[in-house]
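First the structure, in the form of structure tokens, and then the observations on it.
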Amino acid sequence: MSAAELDRAVGLLVRQVSHWEQPRWAAVAGGGNVSRVDLVHKLVQEVADLAADAEGGPRRDVPRLAQPMALPDQLRVVAADLVAAGPPEAVLAGAAVTVTATRSAL
């Protein structure tokens with residue numbers, strides 16, 4: 001069930017932000033002092049790190065692309081990598097909670 005929860009959380013976040021343009025990405029995220037682009041990139045990196053850990057491979061930096069509009073696609077890819085790695089349900093559930101928390105902060 002946790003893979004479905006993660007997929008749902010990612011889908012909701014992607015639908016929320018996929019139409020945003022540069023000014024909206026540059027705005028400060030709610031309750032913090034970082035931009036929305038920085039907050040979502042941090043999320044993408046965290047999910048990528050979970051996937052690398054689950055695969056038993058090295059952690060790698062997720063590249064910062066010139067256009068923040070690519071972040072939803074990056075999130076979809078790293079979330080799919082995490083699910084494909086087959087981690088324990090608790091890891092998937094934790095990732096879903098993190099995605100949901102980020103979505104709330106946006």
Side-chain angles (χ1 to χ4, degrees):
M1 184 64 174
S2 294
E5 292 171 9
L6 178 59
D7 185 57
R8 182 178 184 280
V10 168
L12 289 170
L13 190 146
V14 166
R15 280 191 292 284
Q16 178 179 339
V17 303
S18 63
H19 63 281
W20 287 1
E21 295 191 18
Q22 184 67 35
R24 198 153 182 194
W25 279 108
V28 173
N33 60 355
V34 298
S35 69
R36 290 171 169 165
V37 70
D38 289 339
L39 186 64
V40 175
H41 184 270
K42 179 179 180 279
L43 170 66
V44 170
Q45 184 65 61
E46 289 174 1
V47 175
D49 289 345
L50 290 172
D53 293 348
E55 293 169 348
R59 290 182 172 189
R60 295 184 179 99
D61 290 336
V62 174
R64 283 189 168 264
L65 303 176
Q67 297 297 323
M69 288 73 83
L71 282 167
D73 290 333
Q74 284 183 308
L75 179 58
R76 279 189 204 127
V77 169
V78 298
D81 288 347
L82 176 57
V83 171
E89 292 288 313
V91 172
L92 295 172
V97 167
T98 302
V99 171
T100 301
T102 300
R103 182 173 173 255
S104 295
L106 294 174

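Quantities reported herein were computed from a predicted structural model and do not represent experimental measurements. FYI, the numbering just counts along the sequence from 1.
- Interatomic distance, Leu75 CG to Leu43 CG, rounded to the nearest 0.5 Å: 5.0 Å.
- When side chains are defined from C-beta on, His19 does not count as touching Met69, because their heavy atoms never get closer than 4.5 Å.
- For Ser35, the side chain to side chain contact (heavy atoms under 4.5 Å, CB included) partners are Val37, Asp38, not counting sequence neighbours.
- One N or O on the side chain of His41 and one on the backbone of Val62 form a donor-acceptor pair closer than 3.5 Å.
- Hydrophobic cluster membership differs between Val77 and Val83, with clusters built from Ile, Leu, Val, Met, Phe, Trp and Tyr side chains linked at under 4.5 angstrom.
- Shortest non-hydrogen contact noted between Val10 and Ala79 is CG2-CB, 3.8 Å.
- Contact record, Ala96 with Ala9: O-CB, 3.9 Å, taken as the closest heavy-atom pair.
- Heavy-atom minimum distance, Ala105 versus Leu39: CB-CD2, 3.7 Å.
- Under the 4.5 Å side-chain criterion, counting only non-hydrogen atoms from C-beta, Leu50 is not in contact with Pro87.
- Side chains of Gln67 and Gln22 form a contact here, defined as non-hydrogen atoms less than 4.5 Å apart.
- When the side chains of ILVMFWY residues are joined at heavy-atom separations under 4.5 Å, either directly or via intervening members, Leu13 and Val34 end up in a single hydrophobic cluster.
- Annotation: side chain of Leu92 is in contact with side chain of Leu82 (closest heavy-atom distance under 4.5 Å).
- Distance alone, capped at 3.5 Å, is enough to place a donor-acceptor pair between the Gln74 side chain and the Pro63 backbone.
- Between Leu6 and Val99 the shortest side-chain heavy-atom distance falls below 4.5 Å.
- Counting heavy atoms from C-beta on, the side chains of Leu106 and Val17 come closer than 4.5 Å.
- The side-chain hydrogen bond (donor to acceptor under 3.5 Å, both in side chains) pairs that include a residue from residues 3-18 are Gln16-Arg103, where partners are two or more places apart or lie in different chains.
- Trp20 has its side chain within reach of Arg36: a pair of non-hydrogen atoms, C-beta onward, lies under 4.5 Å apart.
- Nearest heavy-atom pair, Glu55 versus Ala85, reported as atom, atom and distance to 0.1 Å: CG-CB, 3.6 Å.
- Under the side chain to side chain contact (heavy atoms under 4.5 Å, CB included) criterion, Glu21 pairs with Pro23, sequence neighbours left out.
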